[in-house]
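Take a look at the structure below.
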Amino acid sequence: MPSLARKVAICAAVDGLILQPLNTRKDQRAPPLYRIKYGDASITALSKDAGPSTLESNPSFEAFGIVGLVTVFRYSYLVSITRRQQVAQIRGLPIYLVTEVALTPCSSQQDASTAIAKTAEALDARASPQNTDDEESTTEDEAPESRGSADEIDDSAESAPGTAEWSTKASPNTTARSSIAEDVISRRGSYGRFAQRWFSRAGWAQDQKRNMGLSPEQAVLDSASDEALDKKRGAVPAKVPIPDDAAGSQAALALLPKLLRSTQILFGTSRTFYYSYDFDITRSLANAKVPATATVPMHNHVDSNYFWNRYIMQPFIDAGADTLALPLMQGFVGQRSFVVDSHPPQVDDGSVKDSVEMSDFAPGNTTANVSPPRSEKATADMRPSEKRFDITIISRRSIKRAGLRYLRRGIDEQGNVANSVETEQILSPADPAWDPNAKVNSFVQIRGSFPLFFTQSPYSLKPAPVMQHSPDSNFAALKKHIEGIKRKYGDLQIVNLVEKHGVEATIGRQYEQSIERLNNEASSDQEKVAYEWFDFHAVCRGMKFENVSFLLEILGKKLESLGSTMAVDDKVMERQTGVLRTNCMDCLDRTNVCQSSFGKYMLDQQLKAQGFDMAVQADQENAWFNTLWADNGDAISKQYASTGAMKGDYTRTRKRNYRGALTDAGLSLTRLFNGMFNDFFLQTTIDFLLGNVTSLVFEEFEANMMTKDPAVSMQNMRQQAIELCQKRVVADDAEEFIGGWTFLTPTTPDSIRATTLEEAVLLLTDVALYLCRFDWNLDKISSFERVDLAHVQKVKFGTYITSTISSAQLDEMRNVGLVIEYKPGSTDVTRVNTRSLSSMSGTPKAQDPTGFVGFLSRAGRAQAVVEPPPRRIALKALHSQSSVADPAAARNKDEPGAITRLTEIQEVVLIAAEIERLAIHNQPRLAGAKPEDANLIEKGDIISLAEARKNTGLLEQLGHTIKKLVWA
C-alpha cells in the first residue's frame, strides 16, 4: 500500500497552493509536490525540485493530513488537519482523533498567504510555553510545526495513546470530549445571532455544562485568550465579497461563511473524526480486506460506507495524489488497558458481602473501600498468573442517510437507515511490542433507526412517530435493509427496545408485523429473522436499569451461538456468524445501555476461553469497561442529537439515582433546543460535504430555513404518484392517457393567491384533465377534480410569484405557471376521499320554484337555472433544477452540476399547448374555425413581481427575518 503522508507542508506560491507530502518510509521514492491552482482549484503534480525554494520564500505551515477541498461555485477552500490526538494503538499502529482543522482559500495568492500566515501564527501560539501550561494541560493534542521542509518524519514521533508532542502537562488518563453544542459556546456566531446570545459564556455554569454532557476542557481557557486565538485562526471570512460577474446563487455565496464555520466545527472541534495512516479503521476484523497488490492506495480498499470525506477528497483522487488521500471515519475510537488474573488470590474480609452493584445501593455507603484499579499496576509488579489486555471500541457511523435527529429518521428506498452505526469491541494483549502470534478477539454489534418510513416533529420533547407511505412500500424497503445486513454479517437477531404502550407502540407493532410477514415469506427456518421486543422502560421502571439482565437471560444462548471473531497473525481462525441489531426510538440511550451489556457478556466469554474468569476477579467494578462504553455512547449521541447520552450515569457506574434523572431532563431540553434551532443548517452542511446535494441547496435553505431529504427520490415518488392517480381516477378505459405532471397549486380550490401551496398531480387524457390532490405521507389520493376539455375556455401562462422573501422566489423566469379557466358542466366531477367517498358534479342543481311564484312561472322553469361562474385551476411549475446531486454529473466541474430537465417556462408552454390542442379537438365550434379564432392560449402575468411585493404582508416578512436571525 502506498504510504500516506504523515505531514503535508502547505504554502501559497504565485500560481497556486503548493502541497509537499512528507513521508516516513525511507524505502519509498519521494512523492511529487502538488499544486492547487487559484480560481478553478485544479490539482496538478509538480517536480520535487520546486519544493524547498517555494517553502523558503513563502509563508507555510505543516498539517497532519488533508481532509479535502470544499467548493461552492468558484470559491474553493482546502481543509487540512492542524491538531490531532492519539486515542488508540492496534497491532502497534496508532489511531488519531482530529481536534482542529484549518481552511485555506484557493482564490488568490493574497487570500491564501493571509490565511496561511494566521494559521501558522495560531499554531505557534498553541505551541508556545505560556499556552502549553495554561491551555493545553487538558487537551492532550498534538500540533505540527508552523513551517518545515523535512522530507521524512520519524515514526518514533508517534507516541502512545493520550500523549502529546509538545504538551508537557498532558495526563494520559484525561479524556477530551466535545460536542457541537459546546463548540457553539466556544465559537460564537456559528449558528446565528439568536443562538449566539443564547449560548453565551456567562449563561452556563461549568457544573451545568458537565451535567449536560459537555466537555469541561474549554473551561480552562480565558475568554480573552480564546477570542485572540480565534482571531489568529482567521481562515473563515465574516463576509465573502461577491463580484458583479460572480457565477452562482447569491444565497449560496451569502451563506458561504456559515458553511465554512460549520465545516470547521464538524471536521475539527466536534472531535468526531478519526484516521490512521497504516491501519484500516473502517473495517472490522471479520470484514478485513487485504489489497490485491501492495500498490493499491488506502482510499481504494476502505469501506466506502464509512469514508466520510470521499466527496471532498475526490479532486485529489482524480489527480492521482494517493499520498494525500487520507480517509476519515466519523464515530468513536477508544482504548483502555486492564489486568486479569487466572488464579486470583482469595481475600477474606471476615464478612459476607453482597455483589458490588447491590452493596452500592446500601444506605450510607458513600465511600467504598476500593483497591486501586488493576489497569494502573506496573508490568514489573504483575504476578505470573496475571495478564494485561487492551479493550478497544471502534464505532463506525455510516454515510448513508447520515444526519441529525428528527431530520433523518427511518429508512430510504435503498434500505439505508438513519443513525446506522457498527460498533466493534476488540480484545487484544497489551504488550509493548506487538506479537503477531497473539490472539485478537472481535465482537460486532449494529444499531440503526426503524427500517420504516416515518417522521417526528422536532418541536416536542416526546413526539409521536408519523408513519409514511403504504405498507407495501415500507415492507419493500425493510426487506432490502434486512437482506443487506444478512449479506454482510450472516445471521441476524433484532432487539427492539421501544415501549409496547404509548406513542412508541404504533411503530413498534408495525415493525413486528413487517418482520412476521418477512418470516412468513421465508423459504426455510434458516432464512427467518429472530425478533425480540423488550420494553426497556416497562422492565426498568423505577430506575432499575440492572433489570437489563433479564434481556441477557433471554439472548444469552443466541449471543453464544453468534460467537465472535478470533484472528492470529492477521488470519481469521474463528468468525462471528451473525450480528445483533439493536434499536430504540433514537438508537441512543436505551441502545447504549443494552449494547454495553452485550459487550460485557461477550468479553467475559472471550476471557473465559483464555482461562480468565471475570466473576472471581478482585476488580468487580470494571470501571475501565464502563467508562469506555459510556464515552462511546456519548460520542454517538453527540453526533446524532448534539448532546451526551442519557442514562450515561448507569453505563459508567452501574448505578442510577435522581441526579442522573435530573441530568437526563437537562439533556432532553438541550436536544429540544438543538432540534428547533441548530440542526437545520448543520444538516444542510452534512449533505453538501457528503456530495448528496449541490450548491442549489442553499437556495432552498434561504427560502424555507430547512432542506428536503436528498435520499428520498422525489422524482421516483412523483412518478409513482402519477401512476397511482392514473389507475385510481381515470375510470373510463376508452380515455387515452396523454401525460402526467406534478405542480404546486393553492390549497383552496378555484383560487390563485394563497398563503400555502401544495404539490398536486395533473393528469391529461384525450377528453379530460384531472387535478389530483395527493397525500404524500400515506401515498393516497385526498381528492380529485375532473374537467372535461370541451369546457375549457382559456389557458393562461406567465409569471407566477407567490412570495418575495428569498432571492430564488423573485426570479421571474423560474417562478412561472398556468391558469386553466373552464365553464363547469355536468360531466365535471369533484370527488373527495373520506370514509364515505363523496362526489359532486360541477353544475349545481336548479331549485324548483315553489308557491305562487312557481305556479305562475312553471312554463319558464328553464329560466330559473343559474348560470355557474367560470372556475380556475392555478398551477405553478416546480423548479426544474434540483439540489439533489446527479451521480452521472458528479465529475462535471461546471456548477451547479444538478439534475437538469426542461426549464420551467418550457415545461409550462408545452403543457399549455397540449391542453389547447386537445381542447380544440373536443370543441366542434373551434375545430373548424380559423387559427386566430381558435386560440385559447393567453400569455400574461398570473401574479407579477410588483403585485407579489404588494401582497407579501408585513407579518410574513417579519417571520422570515426572525427565522434568519435564529437559523442563519
Side-chain angles (χ1 to χ4, degrees), residues 1-8 19-34 43 45 63-69 78-81 84 86-98 101 144 152-153 155 157-158 267 272-333 392 394-399 422 424 426 434 440 442 567 570 572 689-691:
M1 182 176 68
S3 176
L4 286 168
R6 266 53 174 179
K7 287 187 180 181
V8 181
L19 310 182
Q20 182 183 11
L22 307 176
N23 276 340
T24 62
R25 296 184 182 176
K26 297 179 175 59
D27 58 342
Q28 283 197 336
R29 245 183 352 183
L33 280 70
Y34 295 92
I43 302 173
F64 287 119
I66 301 300
V67 177
L69 203 61
L78 176 70
V79 187
S80 56
I81 302 170
R84 69 183 182 185
Q86 185 175 337
V87 293
Q89 189 167 288
I90 298 180
R91 301 177 187 174
L93 304 174
I95 300 174
Y96 297 100
L97 166 68
V98 180
V101 297
E152 296 173 352
I153 307 298
D155 278 325
E158 294 171 345
F267 282 118
T272 61
F273 284 90
Y274 299 82
Y275 70 92
S276 177
Y277 298 112
D278 303 294
F279 181 74
D280 184 2
I281 61 175
T282 67
R283 294 183 180 274
S284 65
L285 187 63
N287 191 35
K289 181 179 179 181
V290 179
T293 63
T295 59
V296 177
M298 179 177 284
H299 66 81
N300 276 348
H301 68 80
V302 296
D303 192 329
S304 59
N305 287 330
Y306 309 116
F307 189 173
W308 270 74
N309 59 325
R310 174 179 283 279
Y311 175 72
I312 59 177
M313 183 59 76
Q314 196 63 48
F316 293 93
I317 297 175
D318 294 340
D322 294 336
T323 57
L324 300 178
L326 177 64
L328 297 187
M329 179 199 77
Q330 189 183 46
F332 174 78
V333 179
T392 309
I394 303 179
S395 285
R396 309 172 177 98
R397 177 177 293 279
S398 174
I399 65 171
E422 175 189 270
E424 180 182 19
I426 302 173
W434 178 257
V440 180
S442 164
D570 293 339
V572 176
L689 294 176
L690 288 175

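Hydrogens, waters and symmetry mates play no part in the numbers below; they use all other heavy atoms, side chains included. One is the number of the first residue; the rest follow in order along the sequence. Since the model is a prediction, treat every value here as computed from it, not as a measurement.
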*With sequence neighbours left out, what residues match A286 under side chain to side chain contact (heavy atoms under 4.5 Å, CB included)?*
S284, T565, R575
*Start with the C-alpha gap between I66 and L326, add the side-chain angles, then the distance that decides, and say whether side chain to side chain contact (heavy atoms under 4.5 Å, CB included) holds.*
CA-CA 7 Å; I66 301 300; L326 177 64; over 6 Å; no
_So, taking the atom named CD in Q89 and the one named CZ in F279, what distance separates them when rounded to the nearest 0.5 Å?_
11.5 Å
*Approximate separation, where rounding is to 0.5 Å, of I281 CD1 and T392 OG1*: 12.0 Å
*Polar side-chain atom of N309 near backbone of V67 as donor-acceptor pair, under 3.5 Å*: yes
*Closest approach of V8 to G65 (non-hydrogen atoms, all atoms of both residues)*: CG2-CA, 4.4 Å
*Is any side-chain heavy atom of M298 less than 4.5 Å from a side-chain heavy atom of L4?*
yes
*Does the side chain of R6 reach to within under 4.5 Å of the side chain of L22, using non-hydrogen atoms?*
no
_Under the ring pair (Phe, Tyr, Trp, His ring centres under 6.0 Å) test, residues paired with Y275 that sit two or more places apart_ = Y96, Y277
*Would R91 and D570 pass as an ion pair if we require N to O under 4.0 Å?*
yes
*asked:* Looking at E424 and R396, is there a salt bridge between them, counting it only when a charged N and a carboxylate O are closer than 4.0 Å?
replied: yes
*Distance in Å, L69 CG paired with S80 OG, rounded so as to fall on 0.5 Å steps*: 11.0 Å
*Is L19 close to L324 at the side-chain level, that is, under 4.5 Å between some pair of heavy atoms?*
yes
*Which atom names give the shortest non-hydrogen contact between A325 and I317, and what distance separates them?*
CB-CG1, 4.1 Å
*Less than 4.5 Å apart, any side-chain heavy atom of R84 and any of L97?*
no
*So L285 and I426, side chain to side chain contact (heavy atoms under 4.5 Å, CB included) or not? Walk me through it.*
CA-CA 9 Å; L285 187 63; I426 302 173; 6.0 Å; no
*Between the side chain of R310 and the main-chain N/O of H299, is any donor-acceptor distance below 3.5 Å?*
yes
*Please name all residues satisfying ring pair (Phe, Tyr, Trp, His ring centres under 6.0 Å) with F273, sequence neighbours left out, ordered by chain then number.*
F267, W308
*asked:* Show the nearest heavy-atom pair for residues V98 and L328, with the distance to one decimal.
replied: CG2-CD2, 4.3 Å
*How many angstroms lie between CD1 in I394 and OH in Y306, if you round to the nearest 0.5 Å?*
12.0 Å
*Quick one: CG on N300 to NZ on K289, what's the gap to the nearest 0.5 Å?*
8.0 Å
*What are the two closest heavy atoms between V333 and A88, and how far apart are they?*
CG1-CB, 3.8 Å
*asked:* For a quick test of reading the model, state the closest non-hydrogen atom pair linking D303 to T282 and the distance between them.
replied: N-OG1, 3.0 Å
*Supply the atom-to-atom distance Y274 OH to M329 CE, rounded to the nearest 0.5 angstrom.*
7.5 Å
*Which atom of V302 lies closest to which atom of P327, heavy atoms considered*: CG1-CG, 4.0 Å
